[in-house]
Number of protein chains: 2
Amino acid sequence: MPNFQVPDVVISRLPLYLRALTALAGAGQKVTSSKELGERLGMSAAQIRKDLSHFGEFGKQGMGYQITFLRTKLGKILRVDRVWDVALVGMGDIGHAVVRYQGFAGRGFRIALIFDSDPKKVGQIAGDLTILAVDRMAAEVKARRVQVAMLCLPGQHAQSVTNILVQAGVRSILNYAPVNLSVPAAVRVQYIDPVIELQRMSYYLHK
Amino acid sequence: MPNFQVPDVVISRLPLYLRALTALAGAGQKVTSSKELGERLGMSAAQIRKDLSHFGEFGKQGMGYQITFLRTKLGKILRVDRVWDVALVGMGDIGHAVVRYQGFAGRGFRIALIFDSDPKKVGQIAGDLTILAVDRMAAEVKARRVQVAMLCLPGQHAQSVTNILVQAGVRSILNYAPVNLSVPAAVRVQYIDPVIELQRMSYYLHK
DNA sequence: TAGATTGTTAATCGATTAACAATC
DNA sequence: TAGATTGTTAATCGATTAACAATC
């Protein structure tokens, strides 16, 4: 029975379910169960069933879940049943790796605009896109109605670029710069900082 | 008053406190408060005080926290008051970006070993390290007693490489491959998958 | 001192799990 | 049918917050 307001922690797990279902489908499997998914993802079967129950009834008692059907449903819920244009800002090493990354295809996103502040980089081609000057960022993002951005630039510029992007209509920001961003409540930010992740594990190391 | 067992969710926030303190110190600030930290990190002051209280009393009533002192304490708690050698596996685009990333310095980690399975890459220099064959991984990781690894390789090889690394003594794995890894309970894994992060936000987009 | 802010307690809030009727 | 597994409820568990005495 669909609920009014779904907890954020539930939403944050749906992409993991989607990824696991895609892996199972790729291995040729047609049906799965909350038990199998839970084992693959290291979580309880009850939690998976509870999470899914926020959105509807996707399985059959005794039978489990049709993988293709559940993938489609989750894709719609997460709004990745379309392709979102993404603006990438900063063409250093990380920006280059992100542009060349093959993993976006078929998962709901495509890099559609690339910006850099370095005049030497502006005008160069990356992937099949021309690198544009950051000066043009607000205008281009508005014109293309881009709502998603990835920041691959040094920390000291991240906040000012963010302010421009938000002003231009961006509502989801994936930030590779190792700084916390301040944004309005309507804008969401996710962070990728490998050192943060390593430090979350080093607490448990010995020697 | 130090507690016996600190919740994992508390540990996972400490690196964020450390990063914020480093930013404040870099701006020349000497003292901060749970209120200021909370505002910068988008969380409540009470939560920060509660988290810190698991490990000791680091502030003074009415005064707040000496930034240098608290940084040192958090560094020790997280065991980044030393430099951990990291083994990097896979020298594709992501591996290259990670090797060249300047952000590890001074935060507790250094890439000490690089492996790739491609004979054309083996023997090449990356940073100041020679790329070694994956065949030698178990021996080198054991010999150097490396406990931390980063996986920058295609998903289909991630689990088999993980098995070798764990067997060789690795206990922390940062996985850039978009697959869930199965590891013994004593081994910790963190994941970096930009698409997962984007999908966690697209749920909240409209249009 | 007066004001500020800590560390800690207790209350609140929310998330996870266990259990099971429903049913494929 | 018998066995399996769902969706859901209620209980449990854990995390966050509010409040405040202590004290710098």
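Since the model is a prediction, treat every value here as computed from it, not as a measurement. Atom set for the values below is all heavy atoms of this structure, side chains included, hydrogens, waters and symmetry mates excluded. Sequence lines set the chain letters: A, B, ... in the order given, protein chains first and strands last, and positions in each chain run from 1.
In this structure, B:E57 atom CD and D:dA21 atom P are separated by 18 Å, rounded to whole Å. Between A:H54 atom NE2 and C:dT16 atom P the separation is 10 Å, expressed in whole Å. The interatomic distance linking A:Q5 (CD) with C:dA15 (C1') rounds to 15 Å, in whole Å. Taking atom CD of residue A:Q47 and atom P of nucleotide C:dG14, one finds them 17 Å apart after rounding to whole Å. Atom CD of B:E36 and atom P of C:dT5 are 10 Å apart (whole Å). Protein atom CG of A:D51 is 10 Å distant from nucleotide atom C1' of C:dT16, rounded to whole Å. One can place CD1 of A:I48 at 11 Å from P of C:dT17, the figure rounded to the nearest angstrom. We find that CZ of B:F55 is positioned 13 Å from P of C:dT8, with the value rounded to whole Å.
Within 6.0 Å of the NZ atom in B:K35, the count of heavy atoms belonging to other residues, nucleotides or ligands does not exceed 12. Within 6.0 Å of CD on A:Q102 lie no more than 12 heavy atoms contributed by other residues, nucleotides or ligands.
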Begin with the C-alpha distance, continue with both residues' side-chain angles, and end with the deciding distance and a verdict on side-chain hydrogen bond (donor to acceptor under 3.5 Å, both in side chains) for B:D51 and B:Q47.
-> CA-CA 6 Å; B:D51 284 354; B:Q47 180 162 76; 5.3 Å; no
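Look at A:D193 and B:R19 and you find a salt bridge, because one of the NZ, NE, NH1 or NH2 atoms lies within 4.0 Å of a carboxylate O, short of that distance. A salt bridge between B:D8 and B:R188 is present, with a side-chain N of the basic residue lying under 4.0 Å from a carboxylate O of the acidic one. Between A:R144 and A:E140 no salt bridge is recorded (no basic side-chain N to carboxylate O distance below 4.0 Å).
Heavy-atom distances under 4.0 Å link DNA chain C to no residue of residues 8-32 of chain B.
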Sequence neighbours left out, cut at 3.5 Å: what donor-acceptor pairs do the side chains of residues 20-30 of chain B make with other protein atoms?
unit_1, atom_1, unit_2, atom_2, d
B:T22, OG1, B:L18, O, 2.9
B:T22, OG1, B:R71, NE, 3.3
B:Q29, NE2, B:V31, O, 2.9
B:Q29, NE2, B:E36, OE1, 2.6
B:Q29, NE2, B:E36, OE2, 3.1

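Comparing D:dT9, D:dT6, D:dT17 by their nearest atom to the side chain of A:Y65 picks out D:dT6. Taking only side-chain atoms of B:R49, from C-beta outward, the nucleotide of C:dA18, C:dG7, C:dC24 with the closest atom is C:dG7. Which of D:dT9, D:dT5, C:dC24 sits closest to the side chain of A:K50 comes down to D:dT9. Closest to the B:S34 side chain, of the nucleotides C:dT6, D:dT8, D:dT6, is C:dT6.
Side-chain N/O atoms of A:Q61 include none lying less than 4.0 angstrom from OP1 or OP2 on C:dA22. B:S44 has a side-chain polar atom (N or O) that falls below the 4.0 Å cut-off from OP1 or OP2 of D:dT17.
Across the interface with DNA chain C, nearest-nucleotide mapping of B:A45 and A:M43 shows B:A45 to be the residue nearer the 5′ end. Toward the 5′ end of DNA chain C lies the nearest nucleotide of B:G62, the other residue of the pair B:G62 and A:G62 mapping further downstream.
Note that the NE2 atom of A:H157 and the CG atom of A:L151 stand 12.5 Å from one another [nearest 0.5 Å]. From A:R171, atom CZ reaches atom CG of B:L205 across 6.0 Å, with rounding to the nearest 0.5 Å.
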If you write DNA chain C from 5' to 3' in dot-bracket form, with Watson-Crick or G-U pairs under 3.5 Å, [ ] for crossing pairs and | for pairs with another strand, what do you get?
-> ..||||||||||||||||||||||
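Contact between A:Y204 and B:I11 at its shortest, heavy atoms only, is OH-CG1, 3.5 Å.
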